[in-house]
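Read through the structure below, which is laid out as C-alpha coordinates, and then see the notes.
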Amino acid sequence: MRKIAKFSADNDGIGKAVDFVRVFLTDYKIKGRERARAVLTAEEAVAALVDHADEDSTISMTIKAFLGNVVIDITSNGEEFDPVRTMDDFTSIDMEDEDAGAKTQDALRGILLSAFTDSIKYNHKAGKNRFRMKAVKSRRSFLWWTLGAMFVAVVAGLLLSEFASSGFNDSLNTYCLVPIKTMYLNALKLCVAPVVFFSIIACVARFSDLSELGRIGGKVFVSYFFTTLVAIGVGLGMFYLFQPGGGIDISSVGDASSITSQTMDVSLLDTVVNIIPTNIIDPFQKSDMLQLIFMAVLAGIAVGMIGQYSQMLRDILTACNDLFLKITTIIIRVMPIAVFCAICSMMLKLGLSTIISVLGMLGTLIVGLICMMAIYCILMLVIGRINPLIFLKKYTPTMLQVFSMASSNASIPMNMDVCEKKLGISKRVYSLSIPFGATINMDGTCVHLAVFSLALARVYGVEITGTAILSLVISIIVLSMGAPGIPGAGLICLSVLLVQIGVPIEAVGIVMGIDSLVAMFRAMSNCLGDVAVTAIVAKSEGLMDMEIYNS
(Lines give C-alpha, C1' and ligand atoms only; values in the text may rest on other atoms or scores of the structure.)
Protein backbone atom coordinates (compact mmCIF):
# COMPACT_ATOMS: atom_id res chain seq x y z
CA MET A 1 0.00 0.00 0.00
CA ARG A 2 1.46 3.35 -1.07
CA LYS A 3 0.15 6.90 -1.31
CA ILE A 4 1.79 10.13 -2.53
CA ALA A 5 0.63 13.72 -2.00
CA LYS A 6 1.92 17.30 -2.20
CA PHE A 7 1.03 20.25 0.00
CA SER A 8 1.87 23.94 0.14
CA ALA A 9 4.69 24.84 2.52
CA ASP A 10 2.53 26.91 4.87
CA ASN A 11 0.24 26.48 7.86
CA ASP A 12 -2.62 25.32 5.64
CA GLY A 13 -0.33 22.66 4.13
CA ILE A 14 0.66 21.44 7.60
CA GLY A 15 -2.98 20.78 8.48
CA LYS A 16 -3.67 18.96 5.22
CA ALA A 17 -0.50 16.83 5.58
CA VAL A 18 -1.49 15.83 9.11
CA ASP A 19 -4.98 14.86 7.92
CA PHE A 20 -3.44 12.85 5.09
CA VAL A 21 -1.32 10.86 7.55
CA ARG A 22 -4.21 10.35 9.96
CA VAL A 23 -6.55 9.04 7.23
CA PHE A 24 -3.88 6.67 5.87
CA LEU A 25 -3.17 5.19 9.30
CA THR A 26 -6.89 4.83 10.00
CA ASP A 27 -7.43 3.02 6.70
CA TYR A 28 -4.47 0.77 7.52
CA LYS A 29 -6.12 -0.16 10.87
CA ILE A 30 -3.54 1.61 13.05
CA LYS A 31 -5.25 2.69 16.26
CA GLY A 32 -4.74 4.26 19.68
CA ARG A 33 -1.46 5.62 20.97
CA GLU A 34 0.51 4.21 18.05
CA ARG A 35 -1.49 6.29 15.57
CA ALA A 36 -1.45 9.41 17.78
CA ARG A 37 2.33 9.17 18.19
CA ALA A 38 2.86 8.78 14.43
CA VAL A 39 0.56 11.73 13.61
CA LEU A 40 2.24 13.99 16.19
CA THR A 41 5.75 13.15 14.93
CA ALA A 42 4.72 13.71 11.31
CA GLU A 43 3.16 17.06 12.22
CA GLU A 44 6.34 18.30 13.90
CA ALA A 45 8.50 17.08 11.01
CA VAL A 46 6.30 18.87 8.43
CA ALA A 47 6.28 22.05 10.53
CA ALA A 48 10.07 21.97 10.76
CA LEU A 49 10.33 21.68 6.96
CA VAL A 50 7.87 24.53 6.48
CA ASP A 51 9.91 26.80 8.76
CA HIS A 52 13.02 26.25 6.62
CA ALA A 53 11.40 25.86 3.18
CA ASP A 54 12.24 28.07 0.19
CA GLU A 55 9.69 30.57 -0.98
CA ASP A 56 6.81 29.02 -3.00
CA SER A 57 8.11 25.49 -2.42
CA THR A 58 5.93 22.47 -1.67
CA ILE A 59 5.96 19.59 0.78
CA SER A 60 6.08 16.14 -0.85
CA MET A 61 4.89 13.21 1.23
CA THR A 62 5.06 9.48 0.45
CA ILE A 63 3.57 6.88 2.80
CA LYS A 64 4.37 3.19 2.29
CA ALA A 65 2.96 0.27 4.26
CA PHE A 66 4.29 -3.29 4.04
CA LEU A 67 4.00 -6.24 6.46
CA GLY A 68 2.62 -3.98 9.17
CA ASN A 69 5.39 -1.37 8.88
CA VAL A 70 4.49 2.20 7.88
CA VAL A 71 7.26 4.47 6.54
CA ILE A 72 6.71 8.18 5.80
CA ASP A 73 9.04 10.22 3.54
CA ILE A 74 8.65 14.01 3.70
CA THR A 75 10.78 16.32 1.52
CA SER A 76 10.93 20.03 0.68
CA ASN A 77 13.36 22.48 -0.90
CA GLY A 78 15.10 24.59 1.71
CA GLU A 79 18.20 25.45 3.67
CA GLU A 80 19.91 22.83 5.82
CA PHE A 81 19.14 22.91 9.54
CA ASP A 82 19.58 20.86 12.69
CA PRO A 83 16.19 19.42 13.68
CA VAL A 84 17.37 18.03 17.03
CA ARG A 85 17.31 20.29 20.11
CA THR A 86 18.08 19.77 23.79
CA MET A 87 16.85 21.40 26.99
CA ASP A 88 20.00 23.53 26.97
CA ASP A 89 18.83 25.07 23.69
CA PHE A 90 15.49 25.84 25.30
CA THR A 91 16.81 27.35 28.52
CA SER A 92 19.36 29.51 26.68
CA ILE A 93 16.62 31.48 24.83
CA ASP A 94 16.42 35.14 25.84
CA MET A 95 12.74 35.74 26.49
CA GLU A 96 13.18 39.48 25.91
CA ASP A 97 14.30 38.83 22.35
CA GLU A 98 11.68 39.77 19.77
CA ASP A 99 12.11 36.35 18.13
CA ALA A 100 11.82 34.51 21.45
CA GLY A 101 8.43 33.03 20.55
CA ALA A 102 9.64 31.51 17.28
CA LYS A 103 12.84 30.26 18.87
CA THR A 104 10.91 28.68 21.72
CA GLN A 105 8.58 26.92 19.31
CA ASP A 106 11.54 25.70 17.24
CA ALA A 107 13.35 24.43 20.34
CA LEU A 108 10.29 22.59 21.63
CA ARG A 109 9.77 21.00 18.21
CA GLY A 110 13.42 19.93 18.12
CA ILE A 111 13.19 18.41 21.60
CA LEU A 112 10.14 16.42 20.53
CA LEU A 113 11.85 15.18 17.36
CA SER A 114 14.96 14.22 19.32
CA ALA A 115 12.77 11.92 21.43
CA PHE A 116 12.07 9.92 18.27
CA THR A 117 15.62 9.69 16.91
CA ASP A 118 15.33 5.89 16.69
CA SER A 119 12.40 6.12 14.28
CA ILE A 120 13.07 9.37 12.39
CA LYS A 121 16.08 10.35 10.24
CA TYR A 122 16.95 13.70 8.67
CA ASN A 123 19.29 14.55 5.79
CA HIS A 124 19.94 17.46 3.41
CA LYS A 125 20.96 16.70 -0.16
CA ALA A 126 20.83 18.68 -3.41
CA GLY A 127 19.02 21.56 -1.74
CA LYS A 128 16.31 19.33 -0.29
CA ASN A 129 15.51 18.66 3.34
CA ARG A 130 14.17 15.20 3.97
CA PHE A 131 12.64 13.40 6.92
CA ARG A 132 12.24 9.63 6.76
CA MET A 133 10.32 8.17 9.65
CA LYS A 134 9.19 4.68 10.55
CA ALA A 135 5.80 5.78 11.82
CA VAL A 136 4.64 2.27 12.73
CA LYS A 137 6.91 -0.68 13.37
CA SER A 138 5.18 -4.04 13.16
CA ARG A 139 6.04 -6.47 15.90
CA ARG A 140 5.57 -9.36 13.49
CA SER A 141 7.23 -8.13 10.29
CA PHE A 142 10.51 -9.82 11.20
CA LEU A 143 8.62 -13.04 11.81
CA TRP A 144 6.99 -12.87 8.37
CA TRP A 145 10.33 -12.21 6.71
CA THR A 146 11.83 -15.21 8.49
CA LEU A 147 8.95 -17.56 7.69
CA GLY A 148 8.98 -16.31 4.10
CA ALA A 149 12.70 -17.07 3.86
CA MET A 150 12.07 -20.59 5.19
CA PHE A 151 9.30 -21.24 2.65
CA VAL A 152 11.29 -19.88 -0.30
CA ALA A 153 14.31 -21.95 0.79
CA VAL A 154 12.28 -25.18 0.82
CA VAL A 155 10.81 -24.47 -2.62
CA ALA A 156 14.20 -23.42 -4.05
CA GLY A 157 15.88 -26.51 -2.59
CA LEU A 158 13.31 -28.87 -4.10
CA LEU A 159 13.48 -27.17 -7.51
CA LEU A 160 17.29 -27.21 -7.56
CA SER A 161 17.37 -30.87 -6.49
CA GLU A 162 14.94 -31.75 -9.25
CA PHE A 163 16.16 -29.67 -12.19
CA ALA A 164 19.77 -28.55 -11.56
CA SER A 165 22.83 -30.74 -11.99
CA SER A 166 24.51 -32.25 -8.93
CA GLY A 167 27.73 -30.40 -9.78
CA PHE A 168 25.94 -27.04 -9.78
CA ASN A 169 24.16 -27.82 -6.51
CA ASP A 170 27.40 -28.93 -4.84
CA SER A 171 29.17 -25.75 -5.94
CA LEU A 172 26.27 -23.56 -4.85
CA ASN A 173 26.18 -25.26 -1.48
CA THR A 174 29.95 -25.24 -0.92
CA TYR A 175 30.79 -21.73 -2.12
CA CYS A 176 27.64 -19.77 -1.27
CA LEU A 177 25.07 -21.28 1.09
CA VAL A 178 27.37 -22.94 3.65
CA PRO A 179 29.81 -19.98 3.93
CA ILE A 180 26.97 -17.48 4.55
CA LYS A 181 25.36 -19.76 7.13
CA THR A 182 28.72 -20.34 8.83
CA MET A 183 29.58 -16.63 8.96
CA TYR A 184 26.21 -15.84 10.51
CA LEU A 185 26.55 -18.55 13.16
CA ASN A 186 30.10 -17.40 13.92
CA ALA A 187 28.80 -13.86 14.43
CA LEU A 188 26.20 -15.16 16.88
CA LYS A 189 28.75 -17.27 18.74
CA LEU A 190 30.92 -14.15 19.02
CA CYS A 191 28.27 -12.55 21.23
CA VAL A 192 27.26 -15.58 23.29
CA ALA A 193 29.97 -15.44 25.99
CA PRO A 194 29.82 -11.64 26.57
CA VAL A 195 25.99 -11.64 26.64
CA VAL A 196 25.84 -14.41 29.23
CA PHE A 197 28.70 -13.04 31.35
CA PHE A 198 27.63 -9.39 31.50
CA SER A 199 23.93 -10.21 31.82
CA ILE A 200 24.44 -12.39 34.89
CA ILE A 201 27.07 -10.19 36.52
CA ALA A 202 24.87 -7.10 36.06
CA CYS A 203 21.92 -9.02 37.52
CA VAL A 204 23.79 -10.31 40.57
CA ALA A 205 25.33 -6.89 41.22
CA ARG A 206 21.83 -5.40 41.59
CA PHE A 207 21.05 -7.61 44.59
CA SER A 208 21.90 -5.80 47.80
CA ASP A 209 20.49 -8.73 49.76
CA LEU A 210 22.36 -11.94 48.88
CA SER A 211 19.70 -14.05 50.62
CA GLU A 212 17.21 -12.81 47.99
CA LEU A 213 19.64 -13.83 45.23
CA GLY A 214 20.05 -17.27 46.80
CA ARG A 215 16.32 -17.72 47.14
CA ILE A 216 15.55 -16.77 43.53
CA GLY A 217 18.54 -18.72 42.18
CA GLY A 218 17.54 -21.77 44.22
CA LYS A 219 13.98 -21.69 42.90
CA VAL A 220 15.24 -21.33 39.34
CA PHE A 221 17.69 -24.25 39.64
CA VAL A 222 15.18 -26.61 41.31
CA SER A 223 12.55 -25.77 38.68
CA TYR A 224 14.98 -26.36 35.83
CA PHE A 225 16.15 -29.68 37.28
CA PHE A 226 12.53 -30.82 37.70
CA THR A 227 11.57 -29.98 34.11
CA THR A 228 14.74 -31.75 32.88
CA LEU A 229 13.65 -34.98 34.60
CA VAL A 230 10.14 -34.58 33.21
CA ALA A 231 11.53 -34.02 29.69
CA ILE A 232 13.61 -37.21 29.84
CA GLY A 233 10.54 -39.13 31.04
CA VAL A 234 8.50 -37.70 28.17
CA GLY A 235 11.19 -38.69 25.65
CA LEU A 236 11.33 -42.28 26.93
CA GLY A 237 7.54 -42.48 27.00
CA MET A 238 7.20 -41.20 23.44
CA PHE A 239 9.70 -43.77 22.16
CA TYR A 240 7.98 -46.73 23.79
CA LEU A 241 4.59 -45.43 22.66
CA PHE A 242 5.42 -44.90 18.96
CA GLN A 243 8.47 -47.20 18.52
CA PRO A 244 10.22 -45.14 15.80
CA GLY A 245 13.29 -46.48 14.01
CA GLY A 246 11.73 -49.42 12.20
CA GLY A 247 12.18 -49.99 8.48
CA ILE A 248 15.32 -47.88 8.10
CA ASP A 249 18.03 -49.33 5.87
CA ILE A 250 21.38 -49.26 7.69
CA SER A 251 23.18 -48.97 4.35
CA SER A 252 21.82 -45.43 4.05
CA VAL A 253 24.16 -44.26 6.83
CA GLY A 254 26.25 -41.30 5.72
CA ASP A 255 29.76 -40.33 6.65
CA ALA A 256 30.07 -39.81 10.40
CA SER A 257 33.79 -39.18 10.48
CA SER A 258 33.30 -35.51 11.31
CA ILE A 259 31.56 -36.53 14.50
CA THR A 260 33.76 -39.37 15.68
CA SER A 261 36.66 -37.05 16.40
CA GLN A 262 34.56 -34.99 18.79
CA THR A 263 33.85 -36.33 22.27
CA MET A 264 32.13 -35.03 25.35
CA ASP A 265 32.87 -36.11 28.91
CA VAL A 266 29.78 -37.47 30.65
CA SER A 267 31.36 -37.76 34.11
CA LEU A 268 29.19 -35.98 36.68
CA LEU A 269 32.20 -35.48 38.96
CA ASP A 270 34.32 -33.95 36.20
CA THR A 271 31.44 -31.68 35.18
CA VAL A 272 31.17 -30.30 38.72
CA VAL A 273 34.96 -29.92 39.16
CA ASN A 274 35.35 -28.16 35.80
CA ILE A 275 32.81 -25.47 36.73
CA ILE A 276 35.68 -23.54 38.33
CA PRO A 277 38.08 -22.34 35.57
CA THR A 278 41.85 -22.14 35.95
CA ASN A 279 42.00 -18.71 34.29
CA ILE A 280 39.68 -15.94 33.16
CA ILE A 281 40.37 -16.29 29.42
CA ASP A 282 39.52 -19.95 28.66
CA PRO A 283 35.77 -19.71 29.44
CA PHE A 284 35.42 -16.92 26.87
CA GLN A 285 37.54 -18.71 24.25
CA LYS A 286 35.67 -22.00 24.65
CA SER A 287 32.24 -20.45 25.42
CA ASP A 288 32.06 -22.69 28.49
CA MET A 289 28.73 -21.55 29.88
CA LEU A 290 29.02 -23.16 33.33
CA GLN A 291 32.42 -21.54 33.93
CA LEU A 292 31.15 -18.18 32.66
CA ILE A 293 28.18 -18.35 35.01
CA PHE A 294 30.46 -19.18 37.96
CA MET A 295 32.75 -16.21 37.21
CA ALA A 296 29.81 -13.86 36.65
CA VAL A 297 28.08 -14.79 39.91
CA LEU A 298 31.35 -14.48 41.86
CA ALA A 299 32.18 -11.11 40.28
CA GLY A 300 28.62 -9.85 40.76
CA ILE A 301 28.73 -10.64 44.48
CA ALA A 302 32.13 -8.94 44.79
CA VAL A 303 30.89 -5.78 43.05
CA GLY A 304 28.44 -5.14 45.86
CA MET A 305 31.15 -5.52 48.51
CA ILE A 306 33.81 -3.02 47.41
CA GLY A 307 32.26 0.14 48.80
CA GLN A 308 32.64 3.43 46.95
CA TYR A 309 33.33 1.86 43.53
CA SER A 310 30.26 -0.40 43.59
CA GLN A 311 27.85 1.94 41.83
CA MET A 312 30.42 2.95 39.21
CA LEU A 313 31.10 -0.71 38.37
CA ARG A 314 27.39 -1.48 38.25
CA ASP A 315 26.91 1.28 35.68
CA ILE A 316 29.85 0.04 33.59
CA LEU A 317 28.69 -3.58 33.67
CA THR A 318 25.13 -2.57 32.78
CA ALA A 319 26.49 -0.54 29.84
CA CYS A 320 28.55 -3.52 28.66
CA ASN A 321 25.48 -5.72 28.92
CA ASP A 322 23.41 -3.27 26.85
CA LEU A 323 26.23 -2.99 24.30
CA PHE A 324 26.46 -6.71 23.55
CA LEU A 325 22.69 -7.10 23.54
CA LYS A 326 22.52 -4.34 20.92
CA ILE A 327 25.28 -6.02 18.87
CA THR A 328 23.31 -9.26 18.97
CA THR A 329 20.16 -7.42 17.87
CA ILE A 330 22.02 -5.96 14.88
CA ILE A 331 23.26 -9.41 13.86
CA ILE A 332 19.80 -10.92 14.20
CA ARG A 333 18.39 -8.41 11.71
CA VAL A 334 20.00 -10.32 8.82
CA MET A 335 18.70 -13.66 10.08
CA PRO A 336 16.23 -14.25 7.19
CA ILE A 337 19.19 -14.42 4.78
CA ALA A 338 20.99 -16.94 7.00
CA VAL A 339 17.79 -18.96 7.42
CA PHE A 340 17.34 -19.16 3.65
CA CYS A 341 20.91 -20.38 3.17
CA ALA A 342 20.71 -22.93 6.01
CA ILE A 343 17.44 -24.53 4.93
CA CYS A 344 18.24 -24.46 1.21
CA SER A 345 21.58 -26.14 1.98
CA MET A 346 19.79 -28.81 4.00
CA MET A 347 17.36 -29.52 1.15
CA LEU A 348 20.20 -29.86 -1.37
CA LYS A 349 22.17 -32.27 0.83
CA LEU A 350 19.31 -34.51 1.89
CA GLY A 351 16.66 -34.69 -0.75
CA LEU A 352 13.03 -35.49 -0.03
CA SER A 353 13.42 -39.28 0.14
CA THR A 354 15.99 -39.16 2.94
CA ILE A 355 13.85 -36.81 4.99
CA ILE A 356 10.85 -39.15 4.68
CA SER A 357 12.92 -42.15 5.84
CA VAL A 358 13.45 -40.57 9.27
CA LEU A 359 10.07 -38.88 9.52
CA GLY A 360 9.00 -41.31 12.22
CA MET A 361 11.77 -40.16 14.58
CA LEU A 362 11.12 -36.53 13.85
CA GLY A 363 7.37 -36.96 14.32
CA THR A 364 7.90 -38.69 17.67
CA LEU A 365 10.15 -35.83 18.78
CA ILE A 366 7.56 -33.22 17.80
CA VAL A 367 4.79 -35.03 19.70
CA GLY A 368 7.10 -35.16 22.74
CA LEU A 369 7.78 -31.43 22.52
CA ILE A 370 4.04 -30.74 22.28
CA CYS A 371 3.59 -32.77 25.47
CA MET A 372 6.27 -30.65 27.15
CA MET A 373 4.40 -27.50 26.09
CA ALA A 374 1.25 -28.90 27.73
CA ILE A 375 3.22 -29.69 30.89
CA TYR A 376 4.57 -26.14 31.06
CA CYS A 377 1.01 -24.82 30.81
CA ILE A 378 -0.13 -27.11 33.64
CA LEU A 379 2.79 -25.99 35.84
CA MET A 380 2.00 -22.33 35.17
CA LEU A 381 -1.66 -22.86 36.04
CA VAL A 382 -1.17 -25.04 39.13
CA ILE A 383 2.06 -23.63 40.64
CA GLY A 384 2.25 -20.12 39.19
CA ARG A 385 -1.48 -19.39 39.29
CA ILE A 386 -1.23 -17.59 35.96
CA ASN A 387 -3.21 -18.04 32.74
CA PRO A 388 -1.07 -20.14 30.33
CA LEU A 389 -3.18 -19.17 27.30
CA ILE A 390 -2.09 -15.54 27.65
CA PHE A 391 1.51 -16.75 27.95
CA LEU A 392 1.29 -18.82 24.76
CA LYS A 393 -0.38 -16.00 22.84
CA LYS A 394 2.35 -13.53 23.79
CA TYR A 395 5.33 -15.85 23.43
CA THR A 396 4.35 -17.64 20.19
CA PRO A 397 5.83 -15.00 17.81
CA THR A 398 9.15 -15.11 19.70
CA MET A 399 9.02 -18.90 19.83
CA LEU A 400 8.78 -19.04 16.04
CA GLN A 401 11.77 -16.72 15.73
CA VAL A 402 13.72 -18.99 18.09
CA PHE A 403 12.70 -21.93 15.88
CA SER A 404 14.27 -20.30 12.85
CA MET A 405 17.46 -19.39 14.76
CA ALA A 406 18.01 -22.93 16.14
CA SER A 407 20.07 -21.56 19.02
CA SER A 408 19.13 -21.17 22.68
CA ASN A 409 22.11 -18.93 23.39
CA ALA A 410 21.50 -16.63 20.44
CA SER A 411 17.88 -16.26 21.57
CA ILE A 412 18.83 -14.90 25.01
CA PRO A 413 18.25 -11.21 24.06
CA MET A 414 14.85 -11.96 22.50
CA ASN A 415 13.72 -14.00 25.51
CA MET A 416 14.80 -11.24 27.88
CA ASP A 417 12.92 -8.69 25.80
CA VAL A 418 9.66 -10.66 25.82
CA CYS A 419 9.98 -11.31 29.57
CA GLU A 420 10.15 -7.60 30.31
CA LYS A 421 7.92 -6.00 27.70
CA LYS A 422 5.20 -8.60 27.16
CA LEU A 423 5.12 -10.70 30.32
CA GLY A 424 5.93 -8.02 32.89
CA ILE A 425 8.71 -10.02 34.55
CA SER A 426 11.23 -8.10 36.67
CA LYS A 427 14.80 -7.84 35.41
CA ARG A 428 15.92 -9.17 38.79
CA VAL A 429 14.55 -12.57 37.76
CA TYR A 430 14.90 -12.88 33.99
CA SER A 431 18.45 -11.51 33.75
CA LEU A 432 19.51 -14.46 35.93
CA SER A 433 17.13 -17.21 34.86
CA ILE A 434 17.27 -16.76 31.05
CA PRO A 435 21.08 -17.03 30.60
CA PHE A 436 21.17 -19.74 33.27
CA GLY A 437 18.40 -21.66 31.52
CA ALA A 438 20.12 -21.36 28.13
CA THR A 439 22.97 -23.32 29.72
CA ILE A 440 21.42 -25.99 31.93
CA ASN A 441 17.73 -26.17 31.01
CA MET A 442 17.70 -28.11 27.73
CA ASP A 443 14.31 -29.80 27.89
CA GLY A 444 13.96 -30.07 24.12
CA THR A 445 17.45 -31.56 23.93
CA CYS A 446 16.53 -34.12 26.61
CA VAL A 447 13.48 -35.29 24.64
CA HIS A 448 15.58 -35.41 21.46
CA LEU A 449 18.40 -37.45 23.01
CA ALA A 450 16.01 -39.93 24.61
CA VAL A 451 13.97 -40.51 21.45
CA PHE A 452 16.81 -40.61 18.93
CA SER A 453 19.24 -42.71 20.98
CA LEU A 454 16.63 -45.40 21.61
CA ALA A 455 15.36 -45.24 18.02
CA LEU A 456 18.86 -45.71 16.60
CA ALA A 457 19.45 -48.54 19.06
CA ARG A 458 16.36 -50.19 17.62
CA VAL A 459 17.67 -49.68 14.06
CA TYR A 460 20.83 -51.59 14.98
CA GLY A 461 19.00 -54.20 17.04
CA VAL A 462 20.60 -53.18 20.35
CA GLU A 463 18.46 -54.12 23.35
CA ILE A 464 18.30 -51.51 26.11
CA THR A 465 17.92 -53.03 29.59
CA GLY A 466 16.73 -51.36 32.80
CA THR A 467 20.29 -50.68 33.96
CA ALA A 468 21.19 -49.16 30.61
CA ILE A 469 18.10 -46.93 30.81
CA LEU A 470 19.23 -45.58 34.21
CA SER A 471 22.71 -44.90 32.84
CA LEU A 472 21.12 -43.24 29.81
CA VAL A 473 19.02 -40.94 32.03
CA ILE A 474 22.04 -39.83 34.09
CA SER A 475 24.10 -39.21 30.95
CA ILE A 476 21.33 -37.15 29.35
CA ILE A 477 21.08 -34.97 32.48
CA VAL A 478 24.82 -34.25 32.46
CA LEU A 479 25.03 -33.76 28.70
CA SER A 480 22.05 -31.39 28.65
CA MET A 481 23.63 -29.30 31.41
CA GLY A 482 27.03 -29.12 29.70
CA ALA A 483 25.99 -28.82 26.07
CA PRO A 484 26.21 -25.32 24.55
CA GLY A 485 22.93 -23.92 23.25
CA ILE A 486 24.10 -23.70 19.65
CA PRO A 487 23.27 -25.65 16.45
CA GLY A 488 25.19 -28.93 16.15
CA ALA A 489 25.73 -29.57 19.87
CA GLY A 490 22.88 -32.11 19.98
CA LEU A 491 24.58 -34.27 17.34
CA ILE A 492 27.76 -34.52 19.41
CA CYS A 493 25.77 -35.39 22.54
CA LEU A 494 23.88 -38.06 20.60
CA SER A 495 27.11 -39.66 19.40
CA VAL A 496 28.33 -39.92 23.01
CA LEU A 497 25.10 -41.61 24.09
CA LEU A 498 25.18 -44.08 21.22
CA VAL A 499 28.68 -45.27 22.12
CA GLN A 500 27.65 -45.60 25.75
CA ILE A 501 24.68 -47.85 25.01
CA GLY A 502 26.58 -49.99 22.49
CA VAL A 503 25.30 -48.53 19.22
CA PRO A 504 27.94 -47.96 16.48
CA ILE A 505 28.72 -44.27 16.11
CA GLU A 506 28.05 -44.62 12.36
CA ALA A 507 24.37 -44.54 13.32
CA VAL A 508 24.69 -40.78 13.63
CA GLY A 509 24.84 -40.69 9.83
CA ILE A 510 21.17 -41.67 9.66
CA VAL A 511 20.02 -38.47 11.36
CA MET A 512 22.96 -36.18 10.57
CA GLY A 513 21.19 -34.68 7.58
CA ILE A 514 18.11 -33.49 9.46
CA ASP A 515 19.96 -32.19 12.51
CA SER A 516 19.48 -28.60 11.32
CA LEU A 517 15.71 -29.08 11.39
CA VAL A 518 15.81 -30.98 14.69
CA ALA A 519 17.93 -28.18 16.21
CA MET A 520 15.14 -25.72 15.42
CA PHE A 521 12.56 -27.76 17.34
CA ARG A 522 15.01 -28.35 20.21
CA ALA A 523 15.83 -24.66 20.59
CA MET A 524 12.15 -23.70 20.49
CA SER A 525 11.30 -26.11 23.30
CA ASN A 526 14.40 -25.18 25.31
CA CYS A 527 13.54 -21.49 25.26
CA LEU A 528 9.85 -22.09 25.93
CA GLY A 529 10.85 -23.96 29.10
CA ASP A 530 13.23 -21.16 30.15
CA VAL A 531 10.60 -18.44 29.85
CA ALA A 532 7.84 -20.55 31.44
CA VAL A 533 9.98 -21.31 34.50
CA THR A 534 11.02 -17.65 34.68
CA ALA A 535 7.37 -16.61 34.75
CA ILE A 536 6.54 -19.13 37.49
CA VAL A 537 9.48 -18.05 39.69
CA ALA A 538 8.77 -14.33 39.13
CA LYS A 539 5.11 -14.80 40.10
CA SER A 540 6.09 -16.68 43.27
CA GLU A 541 8.45 -13.83 44.23
CA GLY A 542 5.94 -11.08 43.51
CA LEU A 543 8.23 -9.75 40.77
CA MET A 544 5.74 -9.96 37.92
CA ASP A 545 3.58 -7.06 36.74
CA MET A 546 0.23 -8.76 36.15
CA GLU A 547 -1.15 -5.64 34.47
CA ILE A 548 1.41 -5.99 31.70
CA TYR A 549 0.93 -9.77 31.58
CA ASN A 550 -2.85 -9.56 31.22
CA SER A 551 -2.89 -6.54 28.90
CD1/I201 to OG1/T318 distance, rounded to the nearest 0.5 angstrom? 10.0 Å

Any non-hydrogen side-chain atom of M238 less than 4.5 Å from a side-chain atom of P244? no

Contacts of D73 that satisfy side-chain hydrogen bond (donor to acceptor under 3.5 Å, both in side chains) - sequence neighbours left out: R130, R132

Go through the structure and list residues passing side-chain hydrogen bond (donor to acceptor under 3.5 Å, both in side chains) with N129, not counting sequence neighbours. Y122, H124

Could you give the distance from CG (N441) to OG1 (T228), rounded to the nearest 0.5 Å? 5.0 Å

Hey, does N321 have a side-chain heavy atom less than 4.5 Å from the side chain of L317? no

Flag the pair V70 / F24 as yes when at least one side-chain heavy-atom distance between them is below 4.5 Å, and no otherwise. yes

Would you call the rings of F436 and Y224 parallel, tilted or perpendicular, taking 30° and 60° as the class edges? tilted

Atom pair CG/OG1 of N415 and T534 - distance to nearest 0.5 Å: 8.0 Å

Considering only distance and modelled atom types, tabulate donor-acceptor pairs under 3.5 Å from the side chains of residues 358-377, sequence neighbours left out.
{"unit_1": "T364", "atom_1": "OG1", "unit_2": "G360", "atom_2": "O", "d": "2.8"}
{"unit_1": "Y376", "atom_1": "OH", "unit_2": "D443", "atom_2": "OD2", "d": "2.5"}

List the residues meeting side chain to side chain contact (heavy atoms under 4.5 Å, CB included) with A153, not counting sequence neighbours, and say none if there are none. F340, I343, C344

Y395: which residues meet the ring pair (Phe, Tyr, Trp, His ring centres under 6.0 Å) condition with it, sequence neighbours left out? F391

Taking side-chain hydrogen bond (donor to acceptor under 3.5 Å, both in side chains) as the test, write out the residues that go with S525, two or more places apart. none

